Q: 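There's a structure below that I have some questions on.
These figures come from a predicted structure and were not determined experimentally.
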Amino acid sequence: MRTFGTSDETLAYRDVAWDKFEPAKVDPEIVRLVKSAAMVERNGTEYAVYLCRVFKEDPAFCQASNNGPSKKCRHGDALGRWAELADPGWNFETAFERYRTGYKIPFAEEGSTRGSKTGELIARCMVETGTSSYYTALADATGEPVLEQVCRLIAADEYRHFKLFYDHMRRYLARERINILKRLRIAAGRITETEDDELAYAYHCGNEPEGVPYVHERCIAGYMGRAMSFYRYSHIERSIGMILKSVGLPPRGRLSRVAAKLFWKILQSRQRKFAAHLANGAAA
């Protein structure tokens with residue numbers, strides 16, 4: 001039996017009740033998502049190298065943030081193990097090697113992809129907002145007790161990562177003084193990147209056999225069409241509050257309520273679009 005973590009903060013992974021796994025409560029649609037997420041999480045070590053390069057003159061930040069990617073690697077291991085229980089014919093290590101071979105994260109060669117350290121930290125806040133809400137949504141949706149436990153542990157970790165990046169972002173914002181519009185553009189840009197190749201290719205490697213050509217439109221529809229269907233309005237409300245807080249706007253109040261309603265409508269529209277793409281593909 002593998003163990004996940006040795007420090008006090010990650011000791012809970014060793015306490016996952018794997019023996020409580022209930023095959024009859026496994027949702028095949030969620031299995032597809034977990035396989036994909038396992039590879040993206042395991043690949044989080046790539047971000048450790050990148051962030052320490054961007055913040056090489058800030059050893060305090062590098063030391064504080066170094067645990068994040070290693071935890072994400074353990075997140076990937078936990079999700080991968082669950083997916084192997086749910087689908088005994090699937091091998092996480094084989095799928096992950098295929099993913100690592102075919103997909104490389106498009107980091108900037110020098111400096112931050114976002115143009116500033118503040119921008120980089122805002123983008124990281126968006127990532128942690130998305131993952132925290134996503135794993136909360138999966139935990140609420142699944143009836144399988146082991147997956148629910150794993151997802152809740154991961155969601156809590158991701159929220160702690162959000163707080164870490166947010167605190168350092170405020171420190172850098174006091175120096176760089178990026179205006180609110182630029183902060184909003186960075187946040188919106190990072191949110192839209194969830195439909196890039198990182199998740200789509202993970203879906204491909206986790207769920208499609210070797211020899212099937214990778215097609216971004218088919219794979220992102222396969223992932224997003226399923227993932228978006230598990231969100232509830234409460235998950236969006238919480239996410240909007242975190243997003244607004246990250247860019248320096250009030251996380252609660254009229255703006256937050258209006259933004260949550262708008263985002264919920266957009267998400268439902270996108271989910272219907274992806275679901276239709278899936279249905280058309282199946283018919284073809």
Side-chain angles (χ1 to χ4, degrees), residues 1-5 7 9-44 47 67-88 90 92 95-96 99 125-164 194 198-199 202-203 206-207 222-242 267 271:
M1 178 182 290
R2 301 180 209 169
T3 59
F4 303 101
S7 71
E9 290 185 34
T10 57
L11 185 62
Y13 280 101
R14 298 197 302 174
D15 297 333
V16 170
W18 298 105
D19 59 324
K20 302 297 184 184
F21 177 72
E22 297 188 35
K25 295 185 177 180
V26 169
D27 182 341
E29 298 298 281
I30 291 181
V31 175
R32 289 175 174 267
L33 298 177
V34 171
K35 289 176 179 178
S36 310
M39 287 181 280
V40 174
E41 292 287 345
R42 167 76 81 82
N43 206 34
Y47 286 98
N67 268 343
S70 63
K71 286 182 185 178
K72 284 186 174 294
C73 186
R74 288 191 285 271
H75 296 170
D77 285 343
L79 293 166
R81 179 176 180 177
W82 184 87
E84 288 178 338
L85 289 174
D87 181 359
W90 187 73
F92 177 39
F96 182 66
Y99 179 64
C125 284
M126 295 305 101
V127 172
E128 306 304 339
T129 295
T131 51
S132 179
S133 64
Y134 177 58
Y135 289 113
T136 299
L138 282 187
D140 290 343
T142 185
E144 202 293 301
V146 175
L147 181 61
E148 180 181 354
Q149 185 183 12
V150 169
C151 286
R152 294 208 187 281
L153 287 167
I154 295 176
D157 261 354
E158 304 294 21
Y159 185 69
R160 284 190 286 270
H161 300 164
F162 168 84
K163 291 177 66 177
L164 169 71
T194 55
E198 185 173 26
L199 284 169
Y203 180 86
N207 295 285
Y223 184 86
M224 289 295 184
R226 292 176 173 89
M228 289 178 170
S229 70
F230 293 110
Y231 277 89
R232 299 296 175 260
Y233 187 70
S234 59
H235 305 136
I236 299 305
E237 281 186 306
R238 181 171 176 269
S239 296
I240 290 296
M242 294 169 70
L267 182 141
Q271 195 277 328

Q: Measure the shortest side-chain to side-chain distance between Phe230 and Asp27 over non-hydrogen atoms and say whether it is less than 4.5 angstrom.
A: yes
Q: Enter the distance from Lys163:NZ to Glu158:CD here, rounded to the nearest 0.5 Å.
A: 14.5 Å
Q: Checking Glu144 side chain against Lys25 main chain: does a donor-acceptor pair fall under 3.5 Å?
A: no
Q: CH2/Trp82 to CH2/Trp18 distance, rounded to the nearest 0.5 angstrom?
A: 10.0 Å
Q: Enter the distance from Met242:CE to Ser133:OG here, rounded to the nearest 0.5 Å.
A: 7.5 Å
Q: Which of parallel (below 30°), tilted (30 to 60°) and perpendicular (above 60°) describes His161 and His75?
A: parallel
Q: Using modelled atom types only, decide if a donor and an acceptor are shared between the side chain of Thr131 and the backbone of Val127 within a distance under 3.5 Å.
A: yes
Q: Please say which of Val34, Val26, Val31 ends up in a side chain to side chain contact (heavy atoms under 4.5 Å, CB included) with Leu147.
A: Val34
Q: Which heavy atom of Val150 sits nearest to which heavy atom of Ala78, and what is that distance?
A: CG1-CB, 4.0 Å
Q: Hey, could you give me the CZ/OG1 distance between Phe162 and Thr129, rounded to the nearest 0.5 Å?
A: 4.5 Å
Q: Look at Arg152 together with Asp140 and state whether they make a salt bridge at an N to O cut-off of under 4.0 Å.
A: yes
Q: Quick check: closest heavy atoms across Gly80 and Trp90, and the distance to 0.1 Å?
A: O-CZ3, 3.9 Å
Q: Restricting to non-hydrogen atoms, name the atom on Ala139 and the atom on Glu148 that form the minimum distance, rounded to 0.1 Å.
A: O-CG, 3.6 Å
Q: Hey, what do you get for OH (Tyr233) to CG (Leu267), rounding to the nearest 0.5 Å?
A: 12.0 Å
Q: Are Ile236 and Ile240 close enough that some pair of their side-chain heavy atoms sits under 4.5 Å apart?
A: yes
Q: Taking Ser132 for the side chain and Glu128 for the main chain, is one N or O donor matched with an acceptor at less than 3.5 Å?
A: no
Q: Are Asp157 and Tyr135 close enough that some pair of their side-chain heavy atoms sits under 4.5 Å apart?
A: no
Q: Roughly how far, to the nearest 0.5 Å, is the CG atom of Asn207 from the CZ atom of Arg32?
A: 5.0 Å
Q: I'd like to know if the side chain of Gln271 reaches the main chain of Gly225, judged simply by a donor and an acceptor atom lying under 3.5 Å from each other, with no hydrogens or angles considered.
A: yes
Q: Quick one: do Arg74 and Asp77 make a salt bridge, cutoff under 4.0 Å?
A: no
Q: Would you check, one step at a time, whether the test side-chain contact (heavy atoms from CB on, under 4.5 Å) holds for Leu138 with Ile154?
A: CA-CA 11 Å; Leu138 282 187; Ile154 295 176; over 6 Å; no
Q: Side chains of Tyr203 and Arg226: any donor to acceptor distance under 3.5 Å?
A: yes
Q: Can you sort out the partners of Tyr99 under ring pair (Phe, Tyr, Trp, His ring centres under 6.0 Å), two or more places apart, ordered by chain and number?
A: Tyr103
Q: Mind listing the closest non-hydrogen atom pair of Lys20 and Pro145 along with its distance?
A: O-CG, 3.6 Å
Q: Using the six-membered ring wherever Trp is involved, compare the ring planes of Phe96 and Phe92 and label them parallel, tilted or perpendicular (cut-offs 30° and 60°).
A: tilted
Q: Do Tyr159 and Thr136 make a side-chain contact, defined as non-hydrogen atoms from C-beta onward lying under 4.5 Å apart?
A: no
Q: Has Gln149 got a side-chain atom pairing as donor or acceptor with Ala17's backbone, closer than 3.5 angstrom?
A: yes
Q: Ignoring hydrogens, what is the shortest heavy-atom contact between Lys35 and Ala83? Give both atom names and the distance.
A: CG-CB, 3.8 Å
